[in-house]
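Throughout, protein chains are lettered first and strands after them, A, B, ... in sequence-line order, and every chain is numbered starting at 1. Computed from heavy atoms alone, side chains included, the values below leave out hydrogens, waters and symmetry copies.
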Amino acid sequence: MSKLRSVKGMNDLLPSEIGRWHRLERAFREAVERYGFAEVRTPIVEPTALFVRSIGEATDIVEKEMYTFEDKADKSLTLRPEGTAGCVRAYLEHSIGNVEPVSKWYYLGPMYRRERPAKGRYRQFYQAGCEVYGDPGPYVDAELIDLVVSYLSSLGITELEVQINSLGSGDTRERYRDSLLAYLRPLASKLSEDSQRRLERNPLRVLDSKAPEDQAIAAEAPSLLDHLSEDDRAHFADLCAALDAFGTPYRVEPKLVRGLDYYTRTLFEVKGLGGDLGAQNTLCGGGRYDGMIRELGGADTPAIGFAMGLERLLLCLPDAETADTLDVFVIVQKPELRLEAAKIARALRAEGLAVDADLRGTSMKSQLRRADRSRARFAAVIGEAELAAGKVQLKDLRAGTQEDVERSSLVARLSR
RNA sequence: GUGGCUGUAGCUCAGUGGUAGAGCACUGGAUUGUGGCUCCGGGGGUCGCGGGUUCAAGCCCCGUCAGUCACCCCA
């Protein structure tokens, strides 16, 4: 075993497993493009300040999980821990808001957080996400949730639960925080150790604590939904109505809160219920962040987005038939014929066929075995007798039948 | 970051202080021009790493690294 190893929590994706990734990614692009999204690619490295200002200084991500370093000009840079901040930065930097009223972007790529690795959670991990700028909702909110469900079901991932909530806008969150604190403070001594710490820092998180003693207290806590303004309430009601109309199943979860500071109004999560997921069963998290663009120096622009962790999706992705990756595997009878075989392979490739060949000069048995495992539909045997007759022996690897085919009609025969 | 469990061949794992193993995978042959099935053979290991105890350590002890589970947090 080599002493050179990949960095902890950062993994290789080898060719043998990449087919599943391609399936995930292809289905994602197809799904989001059906909903009118276009891809954006932003840098992996951004100025540290971008994340501090957008995600929030007091969040765990910014406080202890970012890969931050200084470049040679003493600029503080950070490997992106999520996708939204970079998108917003690009949206502002290129004044997209002046060019079009609504922008629908998607992204797909690696993110970096220095957490303790576990199944479904790595230090370099892949997220796919969407962002919508310029539409205040609520119908686009419903579309986004519907999009996620539709994407997941196109992958065969159907054991899931959509949870939605509204955090309100303006000072709703502060007012709710105050009344929650008024309720929790007298009970502080009965809370778990973790929640006592959360109390002053982020009391909303006490609500989704897993400790049994906290859950009893959280169950009786004042509800966020009772603190919404009339407008926020209408926004949420319209979102629910839209989801009902779409037939998208969901559950209103008033205790759903999320770690990032920037969310307003609509908040949603999709939990996976099946597969190999352990505690990392949040497949998708998203929400509205109407205040962020203004806060980062842009015009007042409503925004909503979500992100999905692809490693987690993979954990509940059902196995599927993988299509043949090769049309033909070329087999050489004896080493002297290798150049002839290579020429035939090349000619077939020029016709658009996917062709592999074993040009090492090994036994036919070994070549046939490779052909069998390469998932090629046909093997083309190049032998002395066939060459002399201007033919190739074409073997159907699934049926086990074989026939001699004129070289001139090989492409036509294979294209059938 | 906290606590628990596990590290033996590419993979899944057996090995209870005394010569390093199996199945699968890879590879050669049985069949000197034909895959999958069968049979026979072959290669592949500093037993995660470092230290300690012992005549002797894969096995016991300590440390460390990695993986994993729960918590924390989150996609």
Side-chain angles (χ1 to χ4, degrees), chain A residues 1-3 5-11 14 16-17 55 58-65 80-84 108-129 148 192-195 197-198 201-202 205 208-212 214 257-260 268-272 276-287 305-315 329 331-334 337 358 360 362-376 378-387 393-402:
Chain A
M1 200 162 302
S2 167
K3 280 177 184 151
R5 304 173 54 110
S6 73
V7 173
K8 175 177 174 149
M10 304 201 184
N11 304 313
L14 297 175
S16 58
E17 56 194 327
I55 299 172
T59 56
D60 277 22
I61 293 178
V62 170
E63 241 175 26
K64 43 195 186 196
E65 296 175 359
R80 61 182 186 192
E82 54 104 49
T84 298
L108 193 164
M111 308 292 164
Y112 302 84
R113 291 183 203 171
R114 201 181 180 291
E115 300 178 274
R116 182 152 171 179
K119 184 158 58 172
R121 182 220 296 243
Y122 304 100
R123 290 181 171 187
Q124 173 178 299
F125 61 104
Y126 289 81
Q127 280 192 338
V148 171
S192 69
E193 209 174 304
D194 282 328
S195 284
R197 185 168 43 75
R198 290 182 186 114
R201 230 184 95 128
N202 193 349
R205 297 217 65 90
D208 67 348
S209 167
K210 284 174 188 164
D214 294 343
V257 293
R258 298 179 46 72
L260 284 60
F268 64 96
E269 266 186 20
V270 180
K271 304 271 194 195
D276 265 340
L277 302 160
Q280 264 69 50
N281 68 339
T282 301
L283 298 177
C284 172
F306 70 80
M308 288 183 289
L310 298 190
E311 286 84 355
R312 293 181 187 182
L313 256 40
L314 226 45
L315 288 174
F329 199 102
I331 286 173
V332 196
Q333 182 217 332
K334 42 167 74 168
L337 304 176
D358 190 334
R360 298 172 303 167
T362 55
S363 71
M364 287 191 57
K365 176 194 177 89
S366 139
Q367 294 179 67
L368 242 345
R369 192 161 46 218
R370 271 192 70 189
D372 187 44
R373 289 168 198 185
S374 73
R375 301 194 58 84
F378 292 100
V381 179
I382 314 300
E384 252 176 345
E386 290 85 351
L387 266 183
Q393 185 188 79
L394 197 59
K395 186 178 178 90
D396 184 321
L397 288 170
R398 256 173 272 162
T401 55
Q402 53 193 44

[N] to [M] separation - [atom1] atoms, rounded to the nearest Å:
N	M	atom1	answer
B/rA30	B/rG35	P	11 Å
B/rU12	B/rG51	P	28 Å
B/rU46	B/rC5	P	28 Å
B/rG63	B/rC55	P	24 Å
B/rC39	B/rG48	P	32 Å
B/rG10	B/rU6	P	23 Å
B/rA25	B/rC65	P	38 Å
B/rC11	B/rG17	P	27 Å

To the side chain of [X], which of [options] is closest?
X	options	answer
A/D194	B/rC72, B/rG29, B/rC74	B/rC72
A/Q393	B/rG33, B/rC71, B/rA30	B/rG33
A/E311	B/rC72, B/rG28, B/rA75	B/rA75

Over all strands shown, is [X] touching base, sugar-phosphate only, or nothing at heavy-atom distances under 4.0 angstrom?
X	answer
A/E65	sugar-phosphate
A/G120	base
A/E386	base
A/G272	nothing
A/A128	nothing
A/R370	nothing
A/A371	nothing

Is A/R369 paired with A/D372 through a side-chain N to carboxylate O contact shorter than 4.0 Å? no
Can you tell whether the side chains of A/D358 and A/R360 come within less than 4.0 Å, N to carboxylate O?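 The answer is yes: the pair qualifies as a salt bridge.
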Between A/Q402 and A/G285, which has a closest nucleotide on RNA chain B that is more 5'?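 Looking at RNA chain B, the more 5' nearest nucleotide goes with A/Q402.
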5' precedence on RNA chain B between A/L397 and A/G309 (nearest-nucleotide basis):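 Comparing both residues, the 5'-ward one is A/L397.
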Starting from [atom2] on [N], measure out to [atom1] on [X] and report it in whole angstrom.
X	N	atom1	atom2	result
A/R121	B/rC73	CZ	C1'	6 Å
A/I331	B/rG36	CD1	P	12 Å
A/M364	B/rG35	CE	P	9 Å
A/F306	B/rA75	CZ	C1'	11 Å
A/D372	B/rA25	CG	C1'	14 Å
A/Y126	B/rC74	OH	C1'	19 Å
A/R369	B/rG33	CZ	C1'	16 Å
A/N281	B/rC73	CG	P	15 Å

Strand partner of [N], provided both Watson-Crick or wobble distances fall under 3.5 Å:
N	answer
B/rA56	none
B/rG42	B/rC26
B/rA70	B/rU2
B/rG63	B/rC49
B/rU32	none
B/rG21	B/rC13

Think [X] has a side-chain N or O under 4.0 angstrom from the OP1 or OP2 of [N]?
X	N	answer
A/R114	B/rC73	no
A/K119	B/rU68	no
A/Y122	B/rU68	yes
A/R198	B/rC72	yes
A/K395	B/rU34	no

I'd like to know if [X] reaches the base of [N] with its side chain, counting only an N/O donor and acceptor under 3.5 Å.
X	N	answer
A/Q367	B/rU34	no
A/E63	B/rG1	no
A/R205	B/rC74	no
A/Q280	B/rA70	no
A/R116	B/rG3	yes

Are any non-hydrogen side-chain atoms of [X] and [Y] less than 4.5 angstrom apart?
X	Y	value
A/R205	A/D194	no
A/E65	A/T59	no
A/M10	A/Y122	no

Can you tell me if A/E17 has over 12 outside heavy atoms packed within less than 6.0 Å of its CD?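 Yes, the 6.0 Å shell around CD holds more than 12 heavy atoms from other groups.
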Side chain to side chain contact (heavy atoms under 4.5 Å, CB included) partner of A/R123, chosen from A/K8, A/M111, A/E115: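 The residue from A/K8, A/M111, A/E115 that satisfies side chain to side chain contact (heavy atoms under 4.5 Å, CB included) with A/R123 turns out to be A/K8.
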Begin with the C-alpha distance, continue with both residues' side-chain angles, and end with the deciding distance and a verdict on side-chain contact (heavy atoms from CB on, under 4.5 Å) for A/F378 and A/L397. CA-CA 5 Å; A/F378 292 100; A/L397 288 170; 5.9 Å; no
Go through the steps for A/E82 and A/I61 under the test side-chain contact (heavy atoms from CB on, under 4.5 Å), then give the verdict. CA-CA 9 Å; A/E82 54 104 49; A/I61 293 178; 5.5 Å; no
